[in-house]
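Working notes for the structure below.
Keep in mind that this is a model prediction, so the values were computed, not measured. Just so it is clear, the values below take in all heavy atoms, side chains as well, and ignore hydrogens, waters and symmetry mates.
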Amino acid sequence: MKGHLHIFESLADLQHAAAEKIVTCLAEDILLRGAAPIALSGGTTPRGVYEVLGSDTYRGRVEWKKVHLFWGDERCVGPAMPESNFRMANESLLRNIPIPPQNVHRIRGEIKPQDAARESETDIRRFFGLKEGEFPRFTLVLLGLGEDGHTASLFPGTEVLEEKKRIVADVHVQAIAATRITLTLPAINHADTVIFLVSGRTKAGILREVLGEGEARYPAQRIDPASGRLFWLVDKEAASHIAGTERT
Ligand code: 6PG
């Protein structure tokens, strides 16, 4: 298994532990390089973590004006649509924190997918000052895990899994009959820290598969940051098929 696994008694414990880890990652990088660019995930588990981060007890612990928010993936919809990952983050976090609008790097899901991907890639290259062939070092990339082993919008059997050059790609996902915009594997694997947030009994089967040994059969198993800082924060429900107790 790659990374450090932490199993929590409850979803609330997971969410608070994740918020603590995020606050620490942000503070460390703000100290080190004066800014903390992070990529947010969509999904229900991350949503709860954003609500904790934007709460009275956590909001004041982050220097939001030095944080830059990007997205690990986005649906091809406008920011007000229910499926929008931006909308979810806006409702659960953005509207509760004093982050300057220019620090919010929304993927414009409402425009043509290839244009949205190109625009987001250009924004990332500009922010990180990247030369051709270089990848961004996000302070932190947050990820969820789908029951089919997808993460971000890296779905099984899609050609984006073999992308070696692009940072952001548009991909048509046959399995869900939808086009998505997603960070690519090299972009995620260049991050300083990657945290998977996984909860609920429905994820128990895939989590055991993904954390098992052997060759990578699922996209989530190809997340392997060069920095080595990979954390799996899961609740007991999701870990119910994994033998043993908390491991780090
Ligand atoms: C998205 C996410 C996706 C999500 C998983 C798990 O856009 O939906 O990027 O990868 O993290 O589908 O979602 P849940 O946490 O809601 O199960």
Return the minimal non-hydrogen interatomic distance between [X] and [Y], and the atom names on each side.
| X | Y | answer |
| --- | --- | --- |
| K165 | R125 | O-NH2, 4.1 Å |
| S227 | A191 | OG-O, 3.5 Å |
| A89 | L40 | CB-CD1, 3.9 Å |
| S199 | T45 | OG-OG1, 2.9 Å |
| L185 | P219 | CD2-O, 4.5 Å |
| N85 | G43 | OD1-N, 4.3 Å |

Identify whether the distance between the nearest side-chain nitrogen and carboxylate oxygen of [X] and [Y] falls below 4.0 Å.
| X | Y | result |
| --- | --- | --- |
| R61 | E20 | yes |
| K203 | E147 | no |
| D192 | R229 | yes |
| R201 | E237 | yes |
| E119 | R108 | yes |
| E63 | K65 | yes |

Has [X] got a side-chain atom pairing as donor or acceptor with [Y]'s backbone, closer than 3.5 angstrom?
| X | Y | answer |
| --- | --- | --- |
| N189 | R222 | yes |
| R180 | H172 | no |
| D170 | I181 | no |
| R75 | E83 | yes |
| T122 | R118 | yes |
| E134 | K131 | yes |
| S84 | A80 | no |

- Item | Parallel, tilted or perpendicular, as decided by the 30° and 60° cut-offs, for the rings of F138 and F128 |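 If you compare the ring of F128 with that of F138, the planes turn out perpendicular.
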- On the 0 to 90° scale, with breaks at 30° and 60°, tag the F127-F70 ring pair as parallel, tilted or perpendicular.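 Rings of F127 and F70: perpendicular, over 60°.
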- Output, in order, the C-alpha distance, side-chain angles, deciding distance and verdict of side chain to side chain contact (heavy atoms under 4.5 Å, CB included) for L140 and L26. CA-CA 8 Å; L140 172 62; L26 293 175; 5.6 Å; no
Can you tell if the side chain of [X] reaches within under 4.5 Å of the side chain of [Y], non-hydrogen atoms only?
| X | Y | result |
| --- | --- | --- |
| L142 | P46 | no |
| L197 | L143 | no |
| T182 | V171 | yes |
| D29 | I38 | no |
| R106 | P79 | yes |
| E51 | L93 | no |
| T184 | V168 | no |
| I99 | V104 | yes |

Within the supplied structure, the quantity of interest is the number of heavy atoms (other residues, nucleotides, ligands) at a distance under 6.0 Å from [X] [atom1]; does it exceed 12?
| X | atom1 | value |
| --- | --- | --- |
| R33 | CZ | yes |
| K164 | NZ | yes |
| Q174 | CD | no |

- Item | Trace of the side chain to side chain contact (heavy atoms under 4.5 Å, CB included) decision for T139 with T193 | CA-CA 6 Å; T139 302; T193 302; over 6 Å; no
What distance do [X] atom [atom1] and [Y] atom [atom2] have between them, rounded to the nearest 0.5 Å?
| X | Y | atom1 | atom2 | result |
| --- | --- | --- | --- | --- |
| T24 | K21 | OG1 | NZ | 7.0 Å |
| W232 | I7 | CH2 | CD1 | 12.5 Å |
| R59 | W64 | CZ | CH2 | 10.0 Å |
| I97 | L53 | CD1 | CG | 8.0 Å |
| E163 | T158 | CD | OG1 | 11.0 Å |
| L130 | E121 | CG | CD | 9.0 Å |

- Query: Same hydrophobic cluster for I176 and V160, using side-chain heavy-atom links shorter than 4.5 Å among ILVMFWY?
  - Reply: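 In one cluster: yes.
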- Task: Take V77 and E110, measure what side chain to side chain contact (heavy atoms under 4.5 Å, CB included) needs, and give me the verdict at the end.
- Result: CA-CA 5 Å; V77 294; E110 65 273 27; over 6 Å; no
- Message: Checking side-chain polar atoms at under 3.5 Å, does D73 have a donor or acceptor matched by the opposite partner on S153?
- Response: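 Per modelled atom types, D73 and S153 side chains form a pair under 3.5 Å.
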- Query: Any chance the side chains of Y50 and E91 put a donor and an acceptor closer than 3.5 Å?
  - Reply: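 There is no such pair (donor and acceptor under 3.5 Å, judged by atom type) between the side chains of Y50 and E91.
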- Determine, step by step, whether E74 and R87 satisfy the salt bridge (charged side-chain N to carboxylate O under 4.0 Å, His left out) criterion, reporting the C-alpha distance in whole Å, the side-chain angles of both residues, the deciding distance to 0.1 Å, and the verdict. CA-CA 10 Å; E74 186 53 281; R87 173 173 155 170; over 6 Å; no
- I would like to know whether I124 and L183 meet side chain to side chain contact (heavy atoms under 4.5 Å, CB included); could you show each step before the answer? CA-CA 11 Å; I124 290 171; L183 284 182; 4.1 Å; yes
- Within 45° cone of F8 ring axis and under 6.0 Å: K236 NZ or CZ: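 Judged by the rule, K236 and F8 form no cation-pi pair.
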- Item | Result of checking D13, D235, L233 against H6 for side chain to side chain contact (heavy atoms under 4.5 Å, CB included) |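 Among the candidates, only L233 passes.
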